[in-house]
Amino acid sequence: MTRAIDIVRTVRDLRTRIAAWRKAGETVALVPTMGAIHAGHLSLVTLAKAQADRVITSLFVNPLQFGPREDFHAYPRNESHDATVLAAAGSDLLYAPEASEMYPPSFSTKVSVGDLTEDLCGAARPNHFDGVATVVTKLLLQCAPDKAIFGEKDYQQLLVIKRLVRDLNIEVEILGGPIVREDDGLALSSRNAYLSPAERKTAPVLYQTIRGVAADLAQGTGADAAAEAGRFKLEAAGFRVDYVAVRDPDTLAPLHGPVKAARVLAAVHLGATRLIDNVPVPPDA
Ligand code: AMP
C-alpha cells in the first residue's frame with residue numbers, strides 16, 4: 001500500500017510545510033489542478049518530480065473561471081481518490097483550500113492578461129482567463145515554487161500563464177507537459193466523464209481532424225483552407241464547433257496562407273460537453 005498524502009487547506013499550513021523544505025535546502029515544484037485526477041495530471045506530477053525535490057499538487061475547483069451557465073456545480077469532485085493516486089505518483093503534499101480560504105469576504109482583486117486572451121477560448125468563455133490568471137497568481141504567491149507545471153492540453157492557458165509570470169516578474173519557471181491521450185487519441189480530460197457512450201465513440205474524431213489539418217498544413221495547404229476543411233469535418237461528425245484555428249505557436253497570432261511552424265487549436269461541443277485539443281505543426285512523429 002502507498003502512504004497517504006498529507007493534505008493542507010490553509011495558506012498558513014501550506015507555508016509552514018514549504019518553509020521546512022526550504023530550510024532543508026529543498027526545491028519545490030507546483031502542479032495546479034481542479035482534481036478528478038487522471039493520467040494527464042499524473043504525467044505532470046512525474047515531470048515535476050524530475051524537476052524539484054518536492055512536489056505540491058493543488059486541488060481547487062476555481063469558481064472564478066466558470067461562466068454562469070457552465071459546469072461548476074457538476075464538475076467531478078473526488079478528493080479521496082485524488083489523494084490516493086497523487087500519493088502513488090509521488091506528490092508530497094496536496095493543497096486543497098476551501099473557496100473561503102482562496103476568496104475571503106470582500107475579495108476584490110483581479111488579474112487580467114490582455115492580448116492572448118482576446119479570442120479562441122477567451123471569446124467563447126468571457127472572464128474565463130481572468131479567473132485562471134487570478135487563481136494561478138494566487139497559487140504561485142502562496143507556494144512560491146521554483147517551477148510550476150501546466151499541460152499543453154490547455155495550450156492558450158499555458159501561454160497566458162507564461163505571459164503573466166513574465167509581466168508581473170513572478171520568480172518561477174513555467175514548464176509545459178505534453179498531452180496524454182487515450183489509445184484512440186482522445187485527450188484525457190476530467191470532462192470526458194460527461195460523454196455518453198455514443199458521444200465517447202465520436203469524440204476521437206476531434207484529434208483525428210486536427211491531426212489531419214496539421215498534415216495538410218505540412219503539405220503546403222494554406223492555413224485558412226486547412227482550418228475550414230477541419231471545421232467542415234467536425235460539423236459533419238456531429239460536433240458544434242467553437243473554433244478550428246491555425247495560430248503562431250508562441251503568440252497565438254492568426255496565420256494565413258502556407259505556414260512553417262504553427263499550432264492547430266480547436267474547441268467543440270459534443271452534446272453538453274465542451275472539448276478542446278491542439279497539435280503542433282509540423283506534426284509529431
Ligand atoms: P485541470 O484539472 O483540467 O485544470 O488541469 C490541470 C492541469 O493538467 C492543467 O495544466 C492541464 O493543462 C493539465 N492537463 C489536463 N489534461 C491533460 C492531459 N490530457 N495531458 C496533459 N496535461 C493535462
Side-chain angles (χ1 to χ4, degrees), residues 29-51 55-67 70-72 74-79 81-83 85-86 89 91 94-97 99 102 116 120-121 125 128-140 143 145 147-165 172-195 200 203-204 206-207 210-211 263 265-267 273-280 284:
L30 171 67
V31 180
T33 82
M34 297 204 301
I37 298 296
H38 52 62
H41 300 117
L42 297 177
S43 74
L44 303 184
V45 171
T46 303
L47 224 153
K49 275 176 69 70
Q51 292 284 332
V55 176
I56 304 169
T57 305
S58 63
L59 190 177
F60 183 61
V61 185
N62 175 31
L64 285 195
Q65 71 189 70
F66 289 80
E70 292 185 350
D71 55 343
F72 174 69
Y75 199 83
R77 290 165 171 86
N78 191 346
E79 186 185 288
H81 163 268
D82 292 349
V85 294
L86 287 167
S91 184
L94 180 57
Y95 173 45
M102 201 56 101
L116 283 171
L120 303 174
C121 284
R125 305 181 71 191
H128 169 69
F129 284 116
D130 285 357
V132 170
T134 301
V135 81
V136 171
T137 301
K138 283 177 67 77
L139 290 167
L140 293 174
C143 299
K147 310 208 176 179
I149 327 289
F150 295 83
E152 288 183 350
K153 162 88 189 331
D154 299 272
Y155 193 81
Q156 187 176 15
Q157 169 178 284
L158 174 61
L159 294 189
V160 167
I161 290 162
K162 284 184 174 167
R163 179 74 59 88
L164 90 81
V165 159
V172 62
E173 187 181 345
I174 303 299
L175 298 172
I179 301 175
V180 176
R181 299 179 180 282
E182 303 280 6
D183 289 345
D184 60 13
L186 176 65
L188 296 193
S189 164
S190 308
R191 290 192 166 98
N192 293 350
Y194 301 152
L195 297 170
R200 176 63 190 80
L206 172 58
Y207 176 57
I210 59 173
R211 263 182 81 95
R263 201 88 191 178
L265 305 106
T273 308
R274 188 171 189 272
L275 302 173
I276 60 172
D277 203 350
N278 66 87
V279 292
D284 288 332

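One-based numbering, in listed order, for ligands and for the atoms of each. Side chains included, hydrogens not; waters and symmetry mates left out as well; all remaining heavy atoms used.
Ranking protein heavy atoms by distance to atom 7 (C) of ligand 1, first place goes to Pro32 O, 3.6 Å. In terms of protein heavy atoms, atom 11 (C) of ligand 1 is closest to Asp154 OD2, 3.1 Å. Given atom 13 (C) of ligand 1, the protein heavy atom at minimum distance is Leu44 CD1, 3.6 Å. Of the protein's non-hydrogen atoms, Val180 N, 2.9 Å is the one closest to atom 20 (N) of ligand 1.
Close contacts between ligand 1 and Leu188 involve ligand atoms 16 (N), 17 (C), 18 (C), 19 (N) [criterion: under 4.0 Å to a heavy atom]. Shown in contact with Ile179 at under 4.0 Å from a heavy atom are these atoms of ligand 1, numbered in order with element: 20 (N), 21 (C). Residue-ligand proximity, Thr33 to ligand 1, at heavy-atom distances under 4.0 Å covers atoms 2 (O), 6 (C). For ligand 1 and Gly151, the ligand atoms under 4.0 Å from any heavy atom of the residue are 9 (C), 10 (O), 11 (C), 12 (O), 13 (C), 22 (N). Of all atoms in ligand 1, listed by their number and element, those nearer than 4.0 Å to a heavy atom of Phe150 are 10 (O).
Of the listed options Arg181, Met34, Lys153, Lys153 places a heavy atom closest to atom 17 (C) of ligand 1. Distances from atom 2 (O) of ligand 1 to the heavy atoms of Glu152, His41, Glu182 show the closest one on His41. Among Pro178, Ser189, Gly177, the residue whose heavy atom sits closest to atom 21 (C) of ligand 1 is Pro178.
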Walk me through whether Asn278 and Ile179 qualify under side-chain contact (heavy atoms from CB on, under 4.5 Å). CA-CA 9 Å; Asn278 66 87; Ile179 301 175; 3.8 Å; yes
Under the side-chain contact (heavy atoms from CB on, under 4.5 Å) criterion, do Leu139 and Tyr95 qualify, and how do the steps go? CA-CA 10 Å; Leu139 290 167; Tyr95 173 45; 3.8 Å; yes
Quick one, Val135 with Leu64, criterion side-chain contact (heavy atoms from CB on, under 4.5 Å). Give me CA distance, side-chain angles, the key distance, then yes/no. CA-CA 8 Å; Val135 81; Leu64 285 195; over 6 Å; no
Tell me, with the steps shown, if Asp71 and Tyr194 meet side-chain contact (heavy atoms from CB on, under 4.5 Å). CA-CA 10 Å; Asp71 55 343; Tyr194 301 152; 2.8 Å; yes
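A salt bridge is defined here as a Lys NZ or Arg NE, NH1 or NH2 lying under 4.0 Å from an Asp or Glu carboxylate O, and Arg181 with Asp277 meets this definition.
At least one donor-acceptor pair closer than 3.5 Å links the side chain of Gln156 to the backbone N or O of Cys121. Not a single donor-acceptor pair under 3.5 Å links the side chain of Lys147 to the backbone N or O of Leu175. Judged by distance alone, with hydrogens and angles left aside, the side-chain atoms of Ser91 form no donor-acceptor pair with the main-chain N or O of Ile56 at under 3.5 Å. Between the side chain of Asn62 and the backbone N or O of Gly131 there is at least one donor-acceptor pair closer than 3.5 Å.
For ligand 1, none of its N or O atoms has an N or O atom of Ala187 under 3.5 Å away.
Looking at His41 and Leu188, their side chains never come closer than 4.5 Å, going by heavy atoms from C-beta outward.
The closest approach between Ala36 and ligand 1 stays at or above 4.0 Å for every heavy atom of the residue. His38 counts as a contact of ligand 1, since one of its heavy atoms falls under 4.0 Å from the ligand.
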